[in-house]
Participant: 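One structure, pasted below without further comment.
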Protein chains: 2
Amino acid sequence: MEKRTRVPEPTIARLATYFRCLADLSDQGVGVVSSEEIAFRAGVKASQVRKDLSYFGEFGVQGLGYPVPGLLKRVASILQLDQQHRVALVGAGNLGTALAGFPGFARWNFHILWIFDSSPARIGQEINKVKVEPMSVLPRELPADLGILAVPGHAAEDVAKLLVASGVSALLNFTGAHLHLGPGVSVRNVDLTHELAILAYHAQRLEQ
Amino acid sequence: MEKRTRVPEPTIARLATYFRCLADLSDQGVGVVSSEEIAFRAGVKASQVRKDLSYFGEFGVQGLGYPVPGLLKRVASILQLDQQHRVALVGAGNLGTALAGFPGFARWNFHILWIFDSSPARIGQEINKVKVEPMSVLPRELPADLGILAVPGHAAEDVAKLLVASGVSALLNFTGAHLHLGPGVSVRNVDLTHELAILAYHAQRLEQ
DNA sequence: TAGATTGTTAATCGATTAACAATC
DNA sequence: TAGATTGTTAATCGATTAACAATC
């Protein structure tokens, strides 16, 4: 086992993919799986799977493969998916509302427990059993580890700072704005228009 | 200018970020901008900006910077954002409905013109002025270049193939499933639970 | 002209992949 | 034992960055 090398970010992202594959295999009652099979399902190379897992320990049996239940548990534990996560959502517009009701979150142990918005029309409404609170109560000590930003781009940075001041240490940012935050906060940017733009670029090249 | 080297995928993704920065600058009436300033707004290095742009030509003036209107137009043209895009959406659940009404899409010239779903409860409904059609009409020749997959994971691959058979050459995949499609189709995967899992991993490390 | 900033090269960095010894 | 597959090393590949000559 490799000792405490920094784990590459792409490895973490792939681990989530492996988790999903392993959960499927587990549902199907498969007991042991090879890196080759995981790789095929995840769309990567087998050596990549082995390398990724090796950052965290030795989970396989030579000549045989990986015991599915054991590996599933270990990957879940690495990604903290064996724990309940409390999530604060800011922005109860179109997208925020959809995110609040997204069934995939609960299945992965992510629970949106707070929703904030600045629009009087939305404050007080209930979305998925959570009451929308005014943004003006922020910052407020929140026992949440994760935050989701679904506000307009121009408000992004200010709201991000309020969430961080409320105790959130990782943010999922849907605003498209680049956040200038300190090194103590982890950010993942999801920009839906960017994704379509990238596809538009490729579609044009594929049409020729 | 570099000649016809393959453009790295991360470069294309950053181009979308630059586009947004340039649009902001243009709105503010800024006439000329340096790679340094673009880089700061986009959260990258200045040399990265210059390198990225150099794949497509020379757009700057030495000693001065880049003329904002000109560069904005060029980047828009590279990403095909100067053209209307017709998008087919499959899956009118929680997420699909939110996507259909996402105002960012229209602003970037992406128009969802078709919505398909298999649930009788949803078929015939109107979402954002588009009538939901039964999935059973697919495949059908669609003058669409882009497709969005917002169906449950187990249906993902079948639906993807129907869209491809309908003429779509690029897919935005929200299902979390890995799609085994040929090389003639471009796919971007957006997996919201994966994003939260990655953040959960980092949040744990930041808390120590 | 002096100062500034581009475009491009070459060096660096980091991630992916192939290969294979270890071993079940 | 023979066959299979892991864990790990070393080679490859590709992307980022620094540096600087070109030039406005």
Side-chain angles (χ1 to χ4, degrees), chain A residues 1-18 21-22 25 30-72 74-75 78 178 198 201, chain B residues 1-18 21-22 25 30-72 74-75 78 178 198 201:
Chain A
M1 158 174 170
E2 279 182 43
K3 262 294 162 212
R4 289 294 104 207
T5 330
R6 212 194 110 276
V7 180
E9 186 73 4
T11 291
I12 307 297
R14 281 189 299 267
L15 236 39
T17 310
Y18 304 158
C21 297
L22 290 164
L25 288 162
V30 177
V32 172
V33 67
S34 67
S35 57
E36 196 66 61
E37 174 67 18
I38 298 174
F40 175 75
R41 290 173 176 246
V44 303
K45 294 266 160 81
S47 52
Q48 179 94 81
V49 172
R50 297 200 298 275
K51 178 79 175 158
D52 285 340
L53 295 176
S54 78
Y55 285 107
F56 301 95
E58 307 189 354
F59 309 122
V61 181
Q62 269 134 329
L64 198 67
Y66 299 88
V68 172
L71 187 57
L72 179 61
R74 292 303 307 268
V75 173
I78 292 164
H178 173 75
I198 295 163
Y201 171 83
Chain B
M1 159 174 170
E2 280 181 42
K3 262 295 161 209
R4 288 295 104 207
T5 330
R6 212 194 111 276
V7 179
E9 187 73 4
T11 291
I12 306 297
R14 282 189 299 266
L15 237 39
T17 310
Y18 304 157
C21 298
L22 290 164
L25 288 162
V30 177
V32 173
V33 67
S34 67
S35 58
E36 196 66 62
E37 173 68 17
I38 298 174
F40 174 75
R41 290 172 176 247
V44 302
K45 294 266 159 81
S47 52
Q48 179 93 81
V49 172
R50 298 199 296 276
K51 179 79 174 158
D52 285 340
L53 295 176
S54 78
Y55 285 106
F56 300 95
E58 307 188 354
F59 308 121
V61 182
Q62 268 134 331
L64 198 66
Y66 299 88
V68 172
L71 186 55
L72 178 61
R74 291 303 307 269
V75 173
I78 292 164
H178 173 76
I198 294 163
Y201 171 83

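Quick note on labels: first sequence line is chain A, next is B, and so on, each numbered from 1.
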Participant: Please encode protein proximity along nucleotides 17-24 of chain D as a string of B, S and -, counting only heavy-atom distances under 4.0 Å.
Facilitator: BBB--BBB
Participant: Which residues pass the side-chain contact (heavy atoms from CB on, under 4.5 Å) test with A/E36, sequence neighbours left out?
Facilitator: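 Only A/S34, A/A46 meet the side-chain contact (heavy atoms from CB on, under 4.5 Å) criterion with A/E36.
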Participant: Considering all heavy atoms of both residues, which atom of A/C21 and which atom of A/A42 are nearest to each other, and what is their separation?
Facilitator: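 Looking at all heavy atoms of both residues, the shortest contact is SG-N, 4.0 Å.
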Participant: Send over the distance from A/F59 CZ to D/dT6 C1', rounded to a whole Å.
Facilitator: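 Answer to the nearest Å: 13 Å.
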Participant: Please give me the minimum heavy-atom distance between B/V32 and B/L64, naming the atom from each residue.
Facilitator: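 What the structure gives for the nearest pair is CG1-O, 3.8 Å.
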Participant: Roughly how far, to the nearest 0.5 Å, is OH of B/Y66 from CG of B/L22?
Facilitator: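 The CG atom of B/L22 sits 10.5 Å away from the OH atom of B/Y66.
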Participant: Whole angstroms only, please: what is the CG-C1' distance between A/D52 and D/dT8?
Facilitator: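 Result: 14 Å.
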Participant: Between atom CZ in B/F40 and atom P in C/dT5, what is the gap in whole Å?
Facilitator: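 For the pair B/F40 CZ and C/dT5 P, the rounded distance is 16 Å.
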Participant: What stems show up for DNA chain C when you take Watson-Crick pairs (N1-N3 plus N6-O4 or O6-N4) and G-U wobbles (N1-O2, O6-N3), both under 3.5 Å, and require three or more consecutive pairs?
Facilitator: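 Paired runs of 3+ in DNA chain C: C:3-24 with D:3-24.
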Participant: Can you name the residues that form a side-chain hydrogen bond (donor to acceptor under 3.5 Å, both in side chains) with B/Y18, not counting sequence neighbours?
Facilitator: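 In terms of side-chain hydrogen bond (donor to acceptor under 3.5 Å, both in side chains), with neighbours along the sequence ignored, B/Y18 is linked to B/D52.
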Participant: Who pairs with B/S35 by side-chain hydrogen bond (donor to acceptor under 3.5 Å, both in side chains), at least two apart in sequence or on another chain?
Facilitator: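 B/S35 satisfies side-chain hydrogen bond (donor to acceptor under 3.5 Å, both in side chains) with B/R50 once adjacent residues are dropped.
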Participant: What residues, two or more places apart in sequence or in another chain, satisfy side-chain hydrogen bond (donor to acceptor under 3.5 Å, both in side chains) together with A/E37?
Facilitator: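 Only A/R41 meet the side-chain hydrogen bond (donor to acceptor under 3.5 Å, both in side chains) criterion with A/E37.
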Participant: Please list, chain by chain and in numerical order, all residues satisfying side-chain contact (heavy atoms from CB on, under 4.5 Å) with A/R74, sequence neighbours excluded.
Facilitator: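 Partners of A/R74 under the side-chain contact (heavy atoms from CB on, under 4.5 Å) test: A/F59.
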Participant: Residues in side-chain contact (heavy atoms from CB on, under 4.5 Å) with A/V30, at least two apart?
Facilitator: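 Partners of A/V30 under the side-chain contact (heavy atoms from CB on, under 4.5 Å) test: A/L25, A/Q28, A/V68.
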Participant: Give, ordered by number, those residues of residues 10-18 of chain A having at least one heavy-atom distance below 4.0 Å to an atom of DNA chain C; if nothing qualifies, reply none.
Facilitator: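 Close to the strand are A/P10, A/R14.
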Participant: Measure from OH on B/Y55 to P on C/dT6 and round the result to the nearest Å.
Facilitator: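 Checked: the OH to P distance equals 17 Å.
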Participant: What is the distance from atom OH of A/Y55 to atom CD1 of A/I12, rounded to the nearest 0.5 Å?
Facilitator: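 Interatomic distance, A/Y55 OH to A/I12 CD1, rounded to 0.5 Å: 9.5 Å.
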Participant: What residues, two or more places apart in sequence or in another chain, satisfy side-chain contact (heavy atoms from CB on, under 4.5 Å) together with A/E9?
Facilitator: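 A/E9 satisfies side-chain contact (heavy atoms from CB on, under 4.5 Å) with A/R188, B/I198, B/H202 once adjacent residues are dropped.
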Participant: Would you mind reading off the distance between A/L53 atom CG and C/dA15 atom P, rounded to a whole angstrom?
Facilitator: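 Spelled out: CG on A/L53 to P on C/dA15 is 16 Å.
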Participant: For DNA chain C, find the residues of residues 31-39 of chain A with a heavy-atom distance under 4.0 Å and give them by number; none if there aren't any.
Facilitator: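 Of all residues in residues 31-39 of chain A, none places a heavy atom under 4.0 Å from DNA chain C.
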Participant: Minimum heavy-atom separation for A/Y201 to B/I78, with atom names?
Facilitator: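 For A/Y201 versus B/I78, the nearest heavy atoms are CD1-O, 3.4 Å.
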Participant: Would you say a side-chain N or O of A/Y66 is under 4.0 Å from OP1 or OP2 of D/dG7?
Facilitator: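 Looking at the OP1 and OP2 atoms of D/dG7, one of them is under 4.0 Å from a side-chain N or O of A/Y66.
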